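Owing to the predicted nature of the structure, the values given are computational and were not obtained by experimental measurement.
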Amino acid sequence: MEHARDLEVYKRACAVSLGVHRATLAFPKMEQYALADQLRRSSKAICANLAEGFAKQAHSKPEFARLAIGSCSEVETWSSYAFDLEYITQAQRDHWLQSYARIYGVLVNLREKLR
């Protein structure tokens with residue numbers, strides 16, 4: 001593989017982050033620069049961190065998935081806040097949490113394989 005975007009986990013994370021982005025555009029105006037922005041940034045950071053780690057893996061293989069794992073946990077937290085504030089439905093939250101749990105698992109496995 002030549003690029004992080006060739007990884008299946010990158011493709012999954014990107015697809016889910018696009019759904020998160022679209023959903024957060026409907027959040028109240030007062031949340032557009034707060035919770036909505038946090039959700040968008042953390043969901044996109046998974047892909048960005050994978051791309052950065054992929055580029056650096058020759059120098060630091062353990063770094064490859066570490067930051068993306070942290071961003072994955074962060075988006076799970078913000079998703080729960082969005083649900084608790086009634087900005088997303090339970091179905092949306094459950095879908096996001098299941099998707100990010102799968103992505104998290106793949107990232108942990110990837111990190112372990114690179115050690």
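- Residues Y100 and S43 form a side-chain contact, since some pair of their non-hydrogen atoms from C-beta on lies under 4.5 Å apart.
- Between the CD atom of E76 and the CH2 atom of W96 there is a distance of 12.5 Å, given to the nearest 0.5 Å.
- Rounded to the nearest 0.5 Å, atoms CZ (R66) and CZ (R111) are 9.5 Å apart.
- In terms of hydrophobic clustering, with Ile, Leu, Val, Met, Phe, Trp and Tyr side chains grouped at heavy-atom distances under 4.5 Å, Y87 and L18 are assigned to different clusters.
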Can L85 and F27 be said to form a side-chain contact (heavy atoms from CB on, under 4.5 Å), step by step?
CA-CA 10 Å; L85 293 167; F27 282 22; over 6 Å; no
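- Separation of atoms CD1 (I103) and OH (Y10) is listed at 12.0 Å; rounding is to 0.5 Å.
- In this structure, F83 places its CZ atom where more than 12 heavy-atom neighbours from other residues, nucleotides or ligands lie under 6.0 Å away.
- For the pair R40 (side chain) and Q32 (backbone), a donor-acceptor distance under 3.5 Å is present.
- Contact check for C14 versus K11: no side-chain heavy atoms found under the 4.5 Å cut-off.
- A distance of 5.0 Å separates OG of S80 from CG of L97, quoted to the nearest 0.5 Å.
- Looking at S71, its side chain never comes within 3.5 Å of a backbone N or O of A68 through a donor-acceptor pair.
- Although no hydrogens or angles enter the test, the distance criterion places a donor-acceptor pair under 3.5 Å between the side chain of D6 and the main chain of H3.
- For the pair L7 and R12, the minimum side-chain heavy-atom distance is 4.5 Å or more.
- In terms of hydrophobic clustering, with Ile, Leu, Val, Met, Phe, Trp and Tyr side chains grouped at heavy-atom distances under 4.5 Å, I88 and L25 are assigned to different clusters.
- Here H95 contributes atom NE2 and S79 contributes atom OG; the two are 10.5 Å apart, rounded to the nearest 0.5 Å.
- For the atom pair CD (E31) and CG (L39), the distance works out to 9.5 Å, reported to the nearest 0.5 Å.
- W78 approaches S42 most closely through the heavy-atom pair CD1-OG, 3.6 Å.
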Let's go through L50 and L107 carefully: what are the C-alpha distance in whole Å and the side-chain angles of both, what is the deciding distance for side-chain contact (heavy atoms from CB on, under 4.5 Å) to 0.1 Å, and is it a yes or a no?
CA-CA 9 Å; L50 279 171; L107 291 171; 3.7 Å; yes
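- Residues T24 and L35 form no side-chain contact, since every pair of their non-hydrogen atoms from C-beta on lies 4.5 Å or further apart.
- Other residues, nucleotides and ligands contribute over 12 non-hydrogen atoms within 6.0 Å of the CD atom of E112.
- The backbone N or O of A45 lies less than 3.5 Å from no partner atom in the side chain of E74, so there is not a single donor-acceptor pair.
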Should Q98 and R93 be marked as a side-chain hydrogen bond (donor to acceptor under 3.5 Å, both in side chains) after you check the CA-CA gap, both sets of side-chain angles, and the distance that decides it?
CA-CA 8 Å; Q98 289 170 4; R93 184 200 60 182; over 6 Å; no
